[in-house]
Structures are given as C-alpha cells and as structure tokens.
Number of protein chains: 2
Amino acid sequence: MKHVTIKDVAKRLNVSVSTVSRAFNDKYDIRKDTKELILKTAKEMGYHPNPIAKKLSQNRSLNIGVVIPEIINEYYSEVIIALQEFLIYKGYQVLVMQSDENGEQELKNVKTLINNMVDGLIIAPTTGNSNMDFYRQRINDGYPIVFLNRVDDSAPGSKVIFNNEKWSFFATEHLIRQNLNKIYHFSGYLDMCVSQERIQGFKKAMNKHKISKENYKIIEAGLLPEEGMEVIEDLIFHHDIPDAIFCVNDMVALGAIKKLKDNGYRVPEDVAVVGFTETRMAELVSPQLSSVKQPTYDMAKKAGELLLRHIEDENAPAETIIMNGEFTIRKSSVKNSSAGYL
Amino acid sequence: MKHVTIKDVAKRLNVSVSTVSRAFNDKYDIRKDTKELILKTAKEMGYHPNPIAKKLSQNRSLNIGVVIPEIINEYYSEVIIALQEFLIYKGYQVLVMQSDENGEQELKNVKTLINNMVDGLIIAPTTGNSNMDFYRQRINDGYPIVFLNRVDDSAPGSKVIFNNEKWSFFATEHLIRQNLNKIYHFSGYLDMCVSQERIQGFKKAMNKHKISKENYKIIEAGLLPEEGMEVIEDLIFHHDIPDAIFCVNDMVALGAIKKLKDNGYRVPEDVAVVGFTETRMAELVSPQLSSVKQPTYDMAKKAGELLLRHIEDENAPAETIIMNGEFTIRKSSVKNSSAGYL
DNA sequence: TTGTAAGCGTTATCAG
DNA sequence: CTGATAACGCTTACAA
C-alpha cells in the first residue's frame with residue numbers, strides 16, 4: 001500500500017516534480033494543457049498531495065487547535081460543530097482536545113497542539129484560568145490565539161465573549177418583577193469569571209430594585225445537576241426555601257427542579273426557576289425551563305474568523321467581541337401565568 | 001518566533017544532529033552524560049522535536065482519526081473522551097470529525113483524515129452505512145479501520161458493537177411481565193442496523209410471550225425528541241394510546257413523555273415508557289427514565305485497543321467484539337410499584 | 001513555461 | 001559511541 005508521490009507522477013509523465021507541484025497549486029504559471037494532463041494522470045494514479053510534507057515545507061499546518069473544557073456539554077458540542085463547519089470550509093482542519101475542566105490538562109493540550117504546529121488556537125479555558133500567563137507570553141510572541149467564552153475583558157489578545165452580566169440582570173429582573181420576595185442565585189464555581197459576571201448581573205438587579213440583603217442570597221453551586229441538587233437539599237434541611245432561584249446554567253437548574261419536586265415543592269407555584277445557556281432539554285422537561293440563550297454558533301464562528309485574521313495578518317489588532325443573547329420565558333419561572341409573562 | 005530545531009541544539013553543543021536526535025530517542029546507544037547534557041540544553045533553549053518532521057521521516061503520523069455521526073450527543077461525547085484518554089496515553093493524537101448524520105460528509109471526513117496520514121481510523125458510520133464498499137476496499141488494502149457501534153456482524157474488518165437485540169429483548173420483557181396489553185416500539189430510522197437489531201429484540205420478546213400482532217406495533221420514530229413527540233401526537237390523534245412504549249433511545253423517550261404529559265396522560269400510570277442508551281438526563285427527569293445502559297467508555301477503549309493492534313501488526317486478525325449492558329428500571333416504566341419492580 | 005536544486009526538521013544507514 | 005549524509009514528499013528561488 002505505497003502512497004503515490006509527486007515523483008511517481010513526474011516520472012510517469014516525464015516532467016519535473018516542480019511542474020507537478022505547480023499543477024496542484026495554481027498560483028504559478030503553467031501551461032493549461034500540461035496542467036490538465038498532470039491533474040488527470042495524477043488522479044488516475046491515485047495521487048494525493050501529502051499534507052504532512054506540505055506542512056513541513058511551508059512551515060504551516062493548515063490545522064487549527066481547539067481546546068475546550070469539556071465535551072460532554074451541549075454548549076461545546078455546538079462550538080465544535082460551528083468551528084468545524086467554518087474552518088473546514090476555509091481549508092483548515094480542526095483538532096479538538098478537551099481539558100476535562102483541569103488546568104494542567106489544558107496546558108498539556110495546548111502544548112501538544114503547538115508542537116503539532118497548529119497555525120492557531122481557539123481556547124475556552126477551564127475554571128480558574130490558571131494558564132493565562134503562558135498564553136499572554138505566546139500572544140506577545142505573535143502566536144495566534146483567540147479565546148472563546150470563559151474569559152473576561154482583562155484576558156490578553158482577541159476574544160469572543162458573552163455579555164453575561166447583562167443577561168443575568170434581565171433574567172433576575174424577570175423574577176423581581178413578579179414581586180417574588182426571596183430570590184436566590186445558584187452560582188457557578190466562584191473562580192470562573194463567567195460565574196462572577198452572572199453574579200454581578202444578579203446583584204445589579206437586586207440593587208436597582210432595592211431588594212434588601214436579607215431577601216437574596218448567592219450560593220455557590222457549580223455546573224452539574226448534582227451540584228444543584230445538593231444545594232437544594234441543604235436549603236431544605238435548613239428550612240430556607242426561596243420563592244425563586246436563578247441558576248448559573250440549565251444543568252444546575254434541572255438538578256434543582258428535580259430535588260424540589262422530589263421533596264414536594266411545585267415549580268413554579270412554590271419556587272420559580274430560571275436557567276442559563278439554553279440546552280435542548282429546556283423545552284423537554286416539565287415545567288419547561290426559562291433560560292437565557294447564547295448565540296453559541298455565531299460566537300464560535302466569530303472566534304474562527306478572528307483567528308484566521310490573526311493568522312493571515314500578524315499585525316491584525318486584538319479585538320474583543322461581546323455578544324448578546326435572548327431570554328426565553330417558559331413555565332418554570334412564571335408563578336401566575338395570568339399576569340401576562342408567558 | 002522561530003522554532004528551535006535540532007540543528008540549533010547541535011550547533012550550540014558542537015555535536016551532530018544525529019547525536020541530538022539519538023538523545024531524544026532512547027533506542028540508540030549514546031553516552032549517558034552527553035545525553036543528559038543535550039537534554040538539558042535542549043530544554044533550556046526551548047527545543048521541542050517537531051512532530052511534523054518526525055511524521056514525514058517515519059512515514060507515520062501518530063494520529064488516529066475518529067469519525068462520528070454527530071457530536072451533540074452524549075454517547076459520542078463519551079466515546080471521544082474515552083478514546084482520547086486511551087490513545088493520548090499511548091502516544092497518539094486524536095483527530096475528531098463529525099459527519100452530521102450524512103454519508104457524503106462521512107466519506108469526505110474519512111478521506112481528509114486518510115490524506116492527513118492518520119495511522120488508523122475509528123468509524124461510527126452514519127445512518128444507512130452508505131460507504132461500506134469504500135471501507136471494505138481500504139481494509140482489504142491493509143488500512144487499519146475499526147468500526148464502533150452502528151454496524152452489524154456483516155461489516156468488514158474489526159468492530160466493537162453492542163448486543164442491541166438482547167438488551168432490547170430484556171427491556172421489552174420487563175414491560176410484558178407487568179401484564180401490559182398494548183406495547184408499542186418507537187424505533188429509530190429503519191435503515192440503521194442498530195434500529196433493526198432493537199426491533200428484532202422487541203419482536204423476539206413478543207413472540208416468546210405469544211403476544212398477538214394486534215397488541216403490538218413498531219413505529220418508526222427516529223433519534224430526536226421531536227420525532228418521539230410527533231409519533232405521540234399521531235397516536236393521540238388516532239385515539240391509539242398503548243399501555244407501554246419502548247423507545248429506541250432516551251431522547252425519543254423524553255420527547256414521548258413530554259407530549260404524553262402535555263396531553264394529560266400520566267407516566268407511568270397511563271403509559272409506561274422505557275428508553276435506551278442511558279443519558280445523564282435519565283435520572284434528572286420526572287418520572288425518572290428506565291433505560292438500557294451501554295458500556296460506552298469500555299466499548300470505545302476496546303475499539304482503540306483493537307485499532308492499535310492492527311496498526312502495530314499488519315496481520316492481526318479481524319475481531320468482532322459484542323458487548324453487553326445493563327437495564328436500569330426506574331419509575332417511568334413501573335405501573336404498580338408494589339409489584340416489586342423498583 | 002519548465003527544470004534544477006536547496007531546504008523544511010527529522011530519522012536511519014553506514015562509516016569511523 | 002559519534003558524525004556524515006541520504007532519505008521522507010513537497011515548495012520555491014533561481015536558472016534555463
């Protein structure tokens with residue numbers, strides 16, 4: 001099973017390898033009929049240019065590395081789909097590696113990809129953003145990196161992020177406007193900037209509506225359903241059930257709803273619940289889950305575009321793109337549906 | 001930002017490139033202290049062997065291609081995680097491409113990966129298995145390919161598959177044993193072998209228990225929640241609601257449950273429902289969903305092992321590994337919990 | 001328009 | 001044990 005090489009084709013046609021090479025890269029002058037002949041026989045012989053050799057000689061790989069915190073997460077699945085669609089169309093391969101929400105693994109992934117000569121990286125950092133110094137260095141060295149989500153304004157270089165604060169604010173206001181008394185926020189891990197931003201939005205809404213501190217709470221939950229459940233169990237244990245809960249994401253919200261129901265609380269009648277980062281499940285559960293939807297696909301694509309710009313032009317300026325979303329109100333958060341919120 | 005190369009290191013230490021190369025590949029003789037010196041200075045200089053060059057000169061890429069039908073699916077997320085874990089540990093990179101449940105895209109993906117000189121492929125074919133002839137050819141040519149899921153016994157080469165028929169049979173029997181009268185199966189796309197196998201298991205259970213044909217039905221739904229919903233709507237429209245439904249997967253089951261509830265049917269009291277291929281959601285919804293669990297992680301890992309065997313030994317015999325699972329009974333399928341099924 | 005030959009960063013063969 | 005040097009398959013000045 002030998003690979004057919006450029007030499008074989010050249011020999012067969014009694015031309016030089018450069019001619020064959022040129023036939024495959026139309027930026028050089030070459031007579032039209034020789035080109036066609038070469039392309040035709042090459043095809044017959046089953047010749048495919050060897051990308052590895054190409055990479056070596058061109059010193060670029062046409063590969064883009066994508067590093068995500070975890071793959072078992074609809075959000076990042078969608079990111080990968082979007083990135084792949086766009087980048088393959090642009091002639092790049094997409095190499096995906098996942099860090100399992102672990103900073104060290106993330107650094108390993110990034111190094112592996114850099115060693116494999118990816119032309120650029122799109123990174124959604126893990127909780128804690130522990131490798132920012134390393135990234136800052138690379139970016140200063142001129143290595144094309146674009147961050148997606150999971151970083152804030154202060155991150156170096158280009159990035160595409162979601163306006164978490166704003167939409168967290170809206171989601172919270174929706175609860176406040178129903179005159180609910182006690183509103184709790186189940187936040188993500190506190191060392192994630194995304195969590196912090198959502199917390200800020202929550203607080204801002206509380207301040208704007210002059211809700212006193214006794215009437216709201218911010219509780220660190222996490223990102224998983226189990227973590228939402230645990231917090232609820234804890235609250236039940238302390239007889240401290242709020243009128244509404246705004247959760248850092250849908251998974252935590254679904255966990256919370258499950259445990260509430262298991263314990264005889266009705267959603268939304270007893271406790272209204274709102275999620276974030278709409279998953280496919282939001283519409284499938286009952287009650288259907290109110291949630292903030294991010295333009296995941298567009299965000300990823302934007303990140304891809306930005307990255308290509310950096311790859312193609314060393315001096316392209318760093319850009320920060322902040323995107324907005326949508327808040328979809330469904331049953332889980334509307335206590336009194338006659339009030340016109342649905 | 002020039003890459004430091006083996007030459008730079010050699011020059012710095014006044015040794016030859018081969019010596020440096022040898023220092024990094026311990027299969028050759030080299031004096032211990034020179035080796036250590038080389039390694040040390042190489043590190044200082046920030047040298048990393050360039051995998052691309054390595055690939056070119058060794059004529060292998062240390063890359064494995066993985067082609068999956070869709071990524072926005074927990075099952076395949078888990079597959080990727082497992083494969084990555086195992087293969088990275090073995091010194092390989094994992095390139096993932098998704099076919100979006102489209103045979104042509106799948107073929108493109110496979111060709112791209114082959115052109116990129118992956119050392120082998122793990123493929124979970126899309127619905128219809130339309131590219132089997134192409135794969136058969138490659139396999140005959142000696143190209144290492146292992147199929148995962150989505151194929152049946154008849155597929156060429158090595159494969160790791162799930163015993164769908166058997167576990168579909170068990171799940172169906174669980175419903176029959178509750179003396180439910182009318183049991184319907186919401187199947188996957190009929191041109192998927194996985195669907196066919198699950199249908200076979202369902203039928204086998206019906207035959208064994210001598211259920212007459214008027215009392216069961218097999219309805220093609222698909223793989224998505226929406227498709228489960230549609231079928232339910234149709235049944236409601238025809239006043240044809242069964243006592244139990246066995247669904248091809250959890251997503252269809254969740255869709256079905258949702259629509260049933262929306263229309264005032266209670267699950268499991270009115271209609272018992274069973275899913276397949278346990279997702280994280282199975283435990284989160286109410287009622288919790290009975291489902292068959294596949295050993296996804298192990299299946300993927302096995303596929304990885306098989307592939308490496310083929311890569312390392314051209315003459316390794318093709319193997320077919322059929323794996324078994326677990327059936328977890330939860331509330332959604334137990335009409336009378338006092339009967340001891342829970 | 002085409003050919004020659006150097007180079008991309010490694011490994012591997014063969015002398016020494 | 002170490003050094004030259006020819007591959008690996010392709011691109012790209014430079015010549016012709």
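So that the names make sense, note that chain A is the first sequence line, chain B the second, and so on, each numbered from 1.
Protein atom NZ of B:K54 is 18 Å distant from nucleotide atom P of D:dG9, rounded to whole Å. In this structure, A:I6 atom CD1 and D:dC8 atom C1' are separated by 13 Å, rounded to whole Å. Residue B:D119 contributes atom CG, which lies 18 Å from atom P of D:dC8 at whole-angstrom precision. Counting to the nearest Å, the P atom of D:dT2 and the CG atom of B:D33 are 8 Å from each other. C:dG7 atom P lies 23 Å from atom CD1 of A:I52, rounded to whole Å. In this entry the distance linking CE of B:M45 with P of C:dG9 reads 13 Å, nearest Å. A:L56 has its CG atom 9 Å from the C1' atom of D:dG9, to the nearest Å. B:K35 places its NZ atom 12 Å from the P atom of D:dT2, with the value rounded to the nearest Å.
At the phosphate of D:dC8, OP1 or OP2 sits under 4.0 Å from a side-chain N or O atom of A:K7. B:N50 has no side-chain polar atom (N or O) that falls below the 4.0 Å cut-off from OP1 or OP2 of C:dC8. For A:R22, no side-chain nitrogen or oxygen approaches OP1 or OP2 of C:dT2 to under 4.0 Å. Within the 4.0 Å cut-off from OP1 or OP2 of D:dT2, not a single side-chain nitrogen or oxygen of B:T19 is found.
At a cut-off of 3.5 angstrom, the base of D:dT2 holds no donor-acceptor pair with the side chain of B:T34.
Listed nucleotides: C:dT11, D:dT2, C:dG7. Nearest to the side chain of B:I30: D:dT2. Comparing D:dC10, D:dT2, C:dT2 by their nearest atom to the side chain of A:S57 picks out D:dC10. Proximity note for B:Q58 (side chain, C-beta onward) versus D:dT11, C:dT10, C:dA12: the nearest is C:dA12.
Side-chain atoms of B:N129 come within 3.5 Å of backbone atoms of B:R150 as a donor-acceptor pair (strictly under, hydrogens ignored). Counting only distance, with no hydrogens or angles, the side chain of B:D8 and the backbone of B:T5 share a donor-acceptor pair below 3.5 Å.
Exactly one residue among B:Q105, B:E70, B:E106, B:E104 makes a side-chain hydrogen bond (donor to acceptor under 3.5 Å, both in side chains) with B:T126. That residue is B:E106.
The 5' end of DNA chain C is approached more closely, in terms of each residue's nearest nucleotide, by A:R31 than by the other of A:R31 and B:A53. Checking B:S16 against A:T5, the closest nucleotide of DNA chain D that is more toward the 5' end is the one next to B:S16.
Counting non-hydrogen atoms under 4.0 angstrom, A:S21 reaches a base of the nucleic acid. Using a 4.0 Å heavy-atom criterion, one finds that A:K55 contacts no nucleic acid atom at all. B:F24 comes within 4.0 angstrom of nothing in the nucleic acid, heavy atoms only. As judged by a 4.0 angstrom heavy-atom cut-off over every strand, B:P51 is placed among residues making no nucleic acid contact. Base engagement by A:S18 is indicated by at least one non-hydrogen atom pair under 4.0 Å involving a base atom.
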From CA spacing to verdict: side-chain contact (heavy atoms from CB on, under 4.5 Å), A:L121, A:Y143: CA-CA 8 Å; A:L121 282 168; A:Y143 199 91; 4.0 Å; yes
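Ring pair B:Y47/B:F24: centre-to-centre distance below 6.0 Å.
Side-chain contact check for B:T19 and B:S16: at least one donor-acceptor pair (N or O, by modelled atom type) lies under 3.5 Å.
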